[in-house]
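Report on the following structure.
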2 protein chains.
Amino acid sequence: MSDASYVNPLRGVSAVDGTNKAKIERAALWLFAEHGVDGVSTKSIAQRAGVSEGLLYRYFKNKETLARELMRAIHIRLTEMIMAAASREAGLADQVSFIVRHYCEIADDDWTLFRYHILHLHHFPSLSDAAGHSSGGGWPNSPHMAAVKLLSAAMEAGVIARGDANILAAMALGVVLQPAQAKVLGAFDGPLSAHVPLFEAGVLSVLNLTKEA
Amino acid sequence: MSDASYVNPLRGVSAVDGTNKAKIERAALWLFAEHGVDGVSTKSIAQRAGVSEGLLYRYFKNKETLARELMRAIHIRLTEMIMAAASREAGLADQVSFIVRHYCEIADDDWTLFRYHILHLHHFPSLSDAAGHSSGGGWPNSPHMAAVKLLSAAMEAGVIARGDANILAAMALGVVLQPAQAKVLGAFDGPLSAHVPLFEAGVLSVLNLTKEA
DNA sequence: CCAAAATGAGTGATTACTCACTTACTTTGG
DNA sequence: CCAAAGTAAGTGAGTAATCACTCATTTTGG
């Protein structure tokens, strides 16, 4: 529970302030999440934001840039949160707890932004592709790669059995991400955070299994 | 291993035969998987299929219908596979093994179709929405709901601890689905089936945890 | 010889984006 | 103190390209 040092940064996406730029971002975000980037017209964004269509191009180079900027905000936010977990030194269980809790917190905090990330990340290959999965020693640039790095370190330290960290990271993330996707698709209501203890137990369970495999 | 009674039905999506209808379906499928329904023009489908644009409308009412028919094929296929697992009576572990193995098999068998399902199911609310999550006693019409039904029965029978079958089903599915998504996004290569034993162990591990919770 | 298959030019609607212009402030100079 | 000049914000009609879809016509195969 002692993670007061980590603050959830909300950068890139303006909160709901009065500026027209923020209005455009929130309007675009909701429409992109709902209909996908290619399913939304600049006209509809301007209408929803209550501004003229031309104004979009004062703040953003084009529609695609606007869409990418929004995606980058949540993508980086999630990635850095997992990196923050990896830098903690209270053990793997603590790191898992940290990630699960903050992941749900970030999702609940701006559900539209999170929904956009879950549903439409694949629209941006540069953020999600093999480019982002480079196994080099550099900084991980996706939640998945950050998790891989964390688990690789745990394997190195002998905390969990050695194995394919890439697959194991995906399995562990899936325990939280699939319920999130299910909620996005309407399978249940209420905050994701309500299920944090269940998710934590599930992730730890998946990680421990490698001991006997 | 004794599931010879279950045959993987490939219905709806023509295999690669010589007919122009099949050519159109395969061309559209690949483009839809790659760029999303709204990111693909009828012109590009016709070009890739090597037929005229007008021919699309002899076989399909419109672009959206074509896209939905393809999605329905894989969606129903996965749902019925899980229902087939639920009707087996050799115990939960056997059912899990059946689902994991056949899920990976279906994915590997037509990776483009599976990729389309993973990335773009949300484009069809009628297939993925709360409508498909109706908790009534009718037939489940999504993989998620079929899994919920299976786990509810297991809870009823006392095989696993009672709990929120909706969330638990999502967690269990996530152990397989998230690696699948990771592969779709390029995190690793090779067939999904290569990891079946690991997935099986992971799913069982997640399900057993409820015993002590 | 004809019905079904296939074509591709054509339709009106919609697209992302531009640009000449207005409006609302702020800064400057006497 | 205040008019003039300058600047950034905002507008919306306009543009060329593309969109999904239609249909009169031609090709094909039995």
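Below, chains carry the letters A, B, ... as their sequence lines are ordered, and counting in each starts from 1. Just so it is clear, the model here is predicted, and its values are computed rather than measured.
In this entry the distance linking CG of A:D38 with C1' of C:dT14 reads 14 Å, nearest Å. Distance B:K63 NZ to D:dC21 P: 8 Å, rounded to the nearest Å. Taking atom CZ of residue A:F60 and atom C1' of nucleotide C:dT18, one finds them 18 Å apart after rounding to whole Å. The separation between A:E64 atom CD and C:dA16 atom P is 11 Å, rounded to whole Å. If you take NZ of A:K43 and P of C:dA16, they are 11 Å apart, rounded to a whole angstrom. For the pair B:N62 CG and D:dC21 P, the interatomic distance rounds to 5 Å; values are reported in whole Å. Rounded to whole Å, the distance from CD on A:Q47 to P on C:dT14 is 12 Å. Look at OH on B:Y57: it is 13 Å from C1' on C:dT11, rounded to the nearest Å.
Using modelled atom types, one finds no donor on one side chain facing an acceptor on the other under 3.5 Å when comparing B:H75 with B:N141. Under the 3.5 Å distance criterion, with hydrogens and angles disregarded, no donor-acceptor pair is assigned to the side chains of A:S97 and A:D94. Side chain to side chain, B:T79 and B:S142 fail the donor-acceptor criterion of an N or O pair below 3.5 Å. Inspection of the A:E64 and A:H123 side chains reveals an N or O donor paired with an N or O acceptor under 3.5 Å.
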Tabulated below should be each protein N or O lying under 3.5 Å from an N or O of nucleotides 4-8 of chain C; please produce it.
residue: C:dA5; atom: N7; partner: B:R58; partner atom: NH2; Å: 3.3
residue: C:dA6; atom: OP1; partner: B:N20; partner atom: ND2; Å: 2.6
residue: C:dA6; atom: OP2; partner: B:Y59; partner atom: OH; Å: 2.5
residue: C:dA6; atom: N7; partner: B:R58; partner atom: NH2; Å: 3.1
residue: C:dT7; atom: OP2; partner: B:S52; partner atom: N; Å: 2.8
residue: C:dT7; atom: OP2; partner: B:S52; partner atom: OG; Å: 2.9
residue: C:dT7; atom: O5'; partner: B:S52; partner atom: OG; Å: 3.3

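Backbone-only engagement by A:S41 is indicated by non-hydrogen atom pairs under 4.0 Å involving sugar-phosphate atoms exclusively.
The distance between the ring centers of B:H195 and B:F188 falls below 6.0 angstrom.
Salt-bridge formation is detected for the pair B:D109/B:R77: a Lys NZ or Arg NE/NH1/NH2 atom is positioned less than 4.0 Å from an Asp or Glu carboxylate oxygen.
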